[in-house]
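I have placed the structure first, in the form of structure tokens, so that the comments after it can refer back to it.
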Amino acid sequence: MKKNLIATLAVAVLGASVLVASPAYASDGYTNSGIEYKIKNGAASVVDYDMGFGTVVVIPANISVGGTNYAVSQIENEAFNEGQITSVTFLGPPPTDMQENALAKSEQLVVLFPAEFGAPAYQDGFTTPTWKGYPARALSLPEEESRPQPGSAPTAATESEVMAAIVAGPRTASLSALELPTVQYSHEAQFVQGVATVSVNDLSGSKTGWSVTQQASDLTWRSITDGPANGVDLSAANLVIEARASVVAVAGQDWHVSPLIGGSLDEAVTVMAAPQGRGSGEYTAPLRFRLAIPAQAPVGTYSGTLTTTLAVAP
């Protein structure tokens, strides 16, 4: 496979230096990437190699000289015998004429070749595990651009893992402060109204549904004069949720919210609920409260606590 091929070639390159040079021409030959060629009988013959270009050698299938392509079909005697090259990669079929001692006599030397030029599929092709007495190995190169180029070292490809994570956030619910208007002392029963906004934000991502309830404590009387402490507390049952305005989806899912069923706040009253599969978002809704004040209720302040509770699943 392509991945295994590239990794195999990379082992041969480690510790080796490979230089790339522009082609050089002479009256009797042609040099490119340290390899010297001579043109004979319409074909190219490798005659010498400059070890300054490294120990990894790539022999092309063809070279172009003066606009004419020549197949590299011969390697002359001792063309690579002056240095300790570690690998020779042929990009074309095996040379038809490879003279004695053409390649270096090195225990590290290995011959690499495209699988398509291996015997017996290719007549007189490369053989494994040895070829011409050298260790040999076929390479699978399905794409021309994947093959090593003359004078350049094969590149190694590696894979690394990328990972991201999304974690669940909290579910929160709250109610803004409820301030009721001031009224005058009266011999008759009276009531006051006020609005507070309930807010819900479900960042759990579970979509299991939830419900939000409100409940009040008794409203404790406190004197606003220096007179005797003769006041009476107001029961939580005197405070009622009358209505809820439209629920606004600030972000996330939108759905039809069931109508509010109001009630006195001495018991928990459900003010907003999301069924299973819904409620993954942020929501707000104004609530209208009414406080019943008995006739001749003592002058003073009345204060209590509203508790907002969010429970999973309605």
Side-chain angles (χ1 to χ4, degrees), residues 159-184 186 189-222 224 233-294 297 300-314:
E159 294 182 353
S160 58
E161 182 180 13
V162 57
M163 182 176 67
I166 299 175
V167 298
R171 295 183 183 92
T172 58
S174 61
L175 184 73
S176 63
L178 174 61
E179 294 186 4
L180 299 173
T182 300
V183 294
Q184 185 175 313
S186 175
Q190 54 186 331
F191 66 87
V192 290
Q193 292 177 314
V195 175
T197 298
V198 62
S199 300
V200 184
N201 193 1
D202 184 359
L203 293 171
S204 68
S206 63
K207 298 181 182 178
T208 55
W210 44 259
S211 63
V212 176
T213 60
Q214 298 289 336
Q215 189 170 4
S217 67
D218 291 341
L219 278 66
T220 303
W221 174 86
R222 178 175 296 177
I224 56 176
D233 296 341
L234 296 182
S235 170
N238 288 35
L239 185 61
V240 175
I241 294 181
E242 288 188 309
R244 182 195 63 210
S246 298
V247 175
V248 176
V250 179
Q253 288 182 306
D254 194 4
W255 85 100
H256 176 70
V257 183
S258 300
L260 171 71
I261 300 176
S264 59
L265 292 176
D266 55 332
E267 296 182 353
V269 175
T270 300
V271 295
M272 194 187 307
Q276 186 172 10
R278 297 290 182 179
S280 181
E282 182 180 0
Y283 311 94
T284 62
L287 303 175
R288 190 174 73 220
F289 295 81
R290 184 183 69 180
L291 176 64
I293 302 174
T301 61
Y302 296 81
S303 61
T305 301
L306 282 167
T307 301
T308 303
T309 303
L310 186 151
V312 177

Going by heavy atoms in the side chains, are V240 and L291 under 4.5 Å from each other? no
State, with a plain yes or no, whether a side-chain heavy atom of T172 is found less than 4.5 Å away from one of V200. no
Does either side chain, that of R290 or that of S264, offer a donor lying less than 3.5 Å from an acceptor on the other one? no
Set out, in order, the CA-CA distance, both residues' side-chain angles and the distance that settles side chain to side chain contact (heavy atoms under 4.5 Å, CB included) for R244 and V257, then state yes or no. CA-CA 11 Å; R244 182 195 63 210; V257 183; 3.9 Å; yes
Determine the minimum heavy-atom distance between A216 and A236, stating which atoms define it. O-CB, 3.3 Å
Quiz question: by atom type and distance under 3.5 Å, do the side chains of Q214 and T308 form a donor-acceptor pair? yes
Using only atom types and a distance under 3.5 Å, with no angle test, would you say the side chain of S235 pairs donor to acceptor with the backbone of A237? yes
Heavy-atom side-chain proximity of M272 to V247 below 4.5 angstrom: yes
Within this structure, what is the CG-OG distance for the pair D254 and S280, rounded to the nearest 0.5 Å? 12.5 Å
May I ask you to decide if A168's main-chain N or O and S204's side chain share a donor-acceptor pair within less than 3.5 Å? no
Does E267 have more than 12 heavy atoms from other residues, nucleotides or ligands lying within 6.0 Å of its CD? no
Would Q253 and Y283 count as a side chain to side chain contact (heavy atoms under 4.5 Å, CB included) here? Give the steps. CA-CA 9 Å; Q253 288 182 306; Y283 311 94; 3.7 Å; yes
Got N201 and R171 here, is their nearest side-chain heavy-atom distance under 4.5 Å? no
Under the criterion side chain to side chain contact (heavy atoms under 4.5 Å, CB included), I'd like the reasoning laid out for N238 against L219: C-alpha separation, chi angles, the key distance, then a yes or no. CA-CA 9 Å; N238 288 35; L219 278 66; over 6 Å; no
What are the two closest non-hydrogen atoms of D202 and G279, and how far apart are they? CB-O, 3.2 Å
Minimal heavy-atom distance between L234 and A292, with the atoms involved, is CD1-O, 4.5 Å
I'd like to check F289 versus L306 (side-chain heavy atoms, cut-off strictly below 4.5 Å). Are they in contact? yes
Taking C-beta and beyond as the side chain, do R288 and Q193 meet within less than 4.5 Å on heavy atoms? yes
With L175 as partner, the option from T197, V271, V198 fulfilling side-chain contact (heavy atoms from CB on, under 4.5 Å) is V198
Does the Q215 side chain pair with the main chain of D266, one donor and one acceptor, at a distance under 3.5 Å? yes
For the pair I241 and L265, evaluate side chain to side chain contact (heavy atoms under 4.5 Å, CB included) and give the outcome as yes or no after the intermediate values. CA-CA 7 Å; I241 294 181; L265 292 176; 3.8 Å; yes
Does any part of the side chain of W210, heavy atoms only, come nearer than 4.5 Å to the side chain of V212, both counted from C-beta? yes
Side-chain donor-acceptor contact under 3.5 Å, Q184 with Q190: no
Would a 4.5 Å heavy-atom cut-off, applied to side chains only, mark Y302 and R222 as touching? no
Might you point out which heavy atoms bring L180 and G194 nearest each other, and give the distance in Å? CD2-N, 3.5 Å
